[in-house]
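What's counted below: heavy atoms across the whole structure, side chains too, no hydrogens, waters or symmetry copies.
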Number of protein chains: 2
Amino acid sequence: MLIEIDYNSNEALYLQVCNQIILGIATSRLSEGDELPSVRAMADSIGINMHTVNKAYALLRQEGYVKVDRRRGAVIAVSNDRIGAMEDLKEHLRIALARSRCKNISREEVHRLIDEIYGEYDREQEGSV
Amino acid sequence: MLIEIDYNSNEALYLQVCNQIILGIATSRLSEGDELPSVRAMADSIGINMHTVNKAYALLRQEGYVKVDRRRGAVIAVSNDRIGAMEDLKEHLRIALARSRCKNISREEVHRLIDEIYGEYDREQEGSV
DNA sequence: CCTCTGTTATATCTATTGTATAACAGAGGG
DNA sequence: CCCTCTGTTATACAATAGATATAACAGAGG
C-alpha cells in the first residue's frame, strides 16, 4: 500500500503513517493477515527514517491493529476491543462535535456527514485488492 | 466558568483550556458576549502560567470563538464559517471513524453515539446560567 | 497618573520528534 | 554453518513544541 507523507502538515510523521494504515484497513485495501513492508523497506520507500516507521508500527501494535512476528514482520491483525474503541471515539466526538455545534452545524448535518464518509470507505473498497 | 486541568492527560495544557471553553460554548454555559477572565486571572485561578492561557486565547481567537478587546479582554464571539468548520469536522471524522470501523463499530452505533452526545450537551445546557 | 488589558520579547527547561549509526537476538535459506 | 533478513534496543544529536519565568510595551479607562 502506498503511503504518502505531507511535509506541510503539522501532524507528526509517525502518526501520518499510522493513520494511513488504519484508513487502509477501514477501506479493505489492507486485510487481516496482510504483511506490511519491513520497517526498513517502508522507510526507504517513503523516504523517512527507519525509527520513525518503527514508532508507527509499535503504536499500531499497541492500539491493536497489527501483530508482529520476528520473521514475517508486521501483520494486520485487528483486536476487537470494542468497548475501549467506543470510549475513545466518544471522547473524540465530544470535543469535535462541540466545535461544529458552535459553528451552527446541526445534528442532522453530522448524521449526513457520517453517511457520506462511510460512502467514501465503501467506494474505495471496491477499487482495490 | 470552571476550568479543570488534568495533569495525567497527555493533551497539552493550552489545548485543555481551549477545548473546555469550546465545550462551555456548545453547552451554553458560555454565551455570545460573555467575558472570559483575563489571561492573568485565569492563569491564577487554575494554577498555570499566564503564557499558557494566552496561547489558548490566541488559538480561540484564530479559530473564531472569541474576539479580543483591549480593555474588556476576551469576549465570546463565534464566527460562523460553517464551510471551514464542516471541512475540519470531516477531516477529523475520516480518521476517527476509520479507527472505530476497524474495531467493528457499525454505522448505526456511531449514529446512536452522536445522538447520545447531543443529549449530553442539552442536559448540561439546562442546569446552567 | 495609576491600573488593568492583551501582546511581545527574552530566557530557560523539559519533552517530543526525527535522524543517524550501531548492535543484538531470532528465524530461515543456501 | 554462515549469511541475510526481521523487529528491537541503545545511544547520540539537532530541531521543535510545550510550559514557566521575568520583564516591558501600548492602549483604554477611572
TODO: Specify the separation, in whole Å, of atom OH of B:Y14 and atom P of C:dT14.
DONE: 21 Å
TODO: Verify the contact: side-chain N or O of B:S38 to OP1 or OP2 of C:dT5, cut-off strictly under 4.0 Å; return yes or no.
DONE: yes
Open item on the list: Between the side chains of A:R61 and A:D69, is the shortest nitrogen-to-carboxylate-oxygen separation below 4.0 Å, so that they form an ion pair?
Closed with: no
Open item on the list: Can you see if the side chain of B:R61 gets near the phosphate of C:dT7 - specifically, an N or O under 4.0 Å from OP1 or OP2?
Closed with: yes
TODO: Name the closest nucleotide to the A:A12 side chain, picking from C:dT17, D:dG7, D:dA24.
DONE: C:dT17
- [ ] May I ask you to verify if any side-chain N or O of B:T52 is less than 4.0 angstrom from the OP1 or OP2 atom of D:dG18?
- [x] no
Open item on the list: Distance check, rounded to the nearest 0.5 Å: A:I22 atom CD1 versus A:Y65 atom OH?
Closed with: 4.5 Å
- [ ] Check whether more than 12 heavy atoms from other residues, nucleotides or ligands sit under 6.0 Å from atom NZ of B:K67, and answer yes or no.
- [x] no
- [ ] Would you mind reading off the distance between B:H51 atom NE2 and D:dA23 atom P, rounded to a whole angstrom?
- [x] 12 Å
Task: Residue matched to D:dA28 through Watson-Crick or wobble contacts both under 3.5 angstrom - done: C:dT3
Task: Whichever of B:L36 and A:G47 has its nearest DNA chain C nucleotide further upstream toward 5' - done: B:L36
Task: Nearest-angstrom distance from the residue atom CG of A:L59 to C1' of D:dG7 - done: 16 Å
Open item on the list: For B:R94, is there an ion pair with B:E91 - N to carboxylate O distance below 4.0 angstrom?
Closed with: yes
- [ ] Establish whether A:I25 and A:Y14 are linked, either directly or via other cluster members, by ILVMFWY side-chain heavy-atom contacts under 4.5 Å.
- [x] no
TODO: Examine C:dG18: is either OP1 or OP2 under 4.0 Å from a nitrogen or oxygen in the side chain of A:N49? Give yes or no.
DONE: no
TODO: For A:N54 and C:dA20, give me the distance from atom CG to atom C1', rounded to whole Å.
DONE: 14 Å
Open item on the list: Could you tell me how far apart A:E11 (CD) and D:dT16 (P) are, to the nearest whole angstrom?
Closed with: 19 Å
Open item on the list: In this structure, how many angstroms lie between the C1' atom of D:dG27 and the CZ atom of B:R72, rounded?
Closed with: 16 Å
Task: d(CD1, A:I48; C1', C:dA20) in whole Å - done: 14 Å
Task: Interatomic distance where NZ belongs to B:K55 and P belongs to D:dT20 [whole Å] - done: 11 Å
TODO: Sort out the partner of C:dT12 for me: Watson-Crick or G-U wobble, both distances under 3.5 Å, none otherwise.
DONE: D:dA19
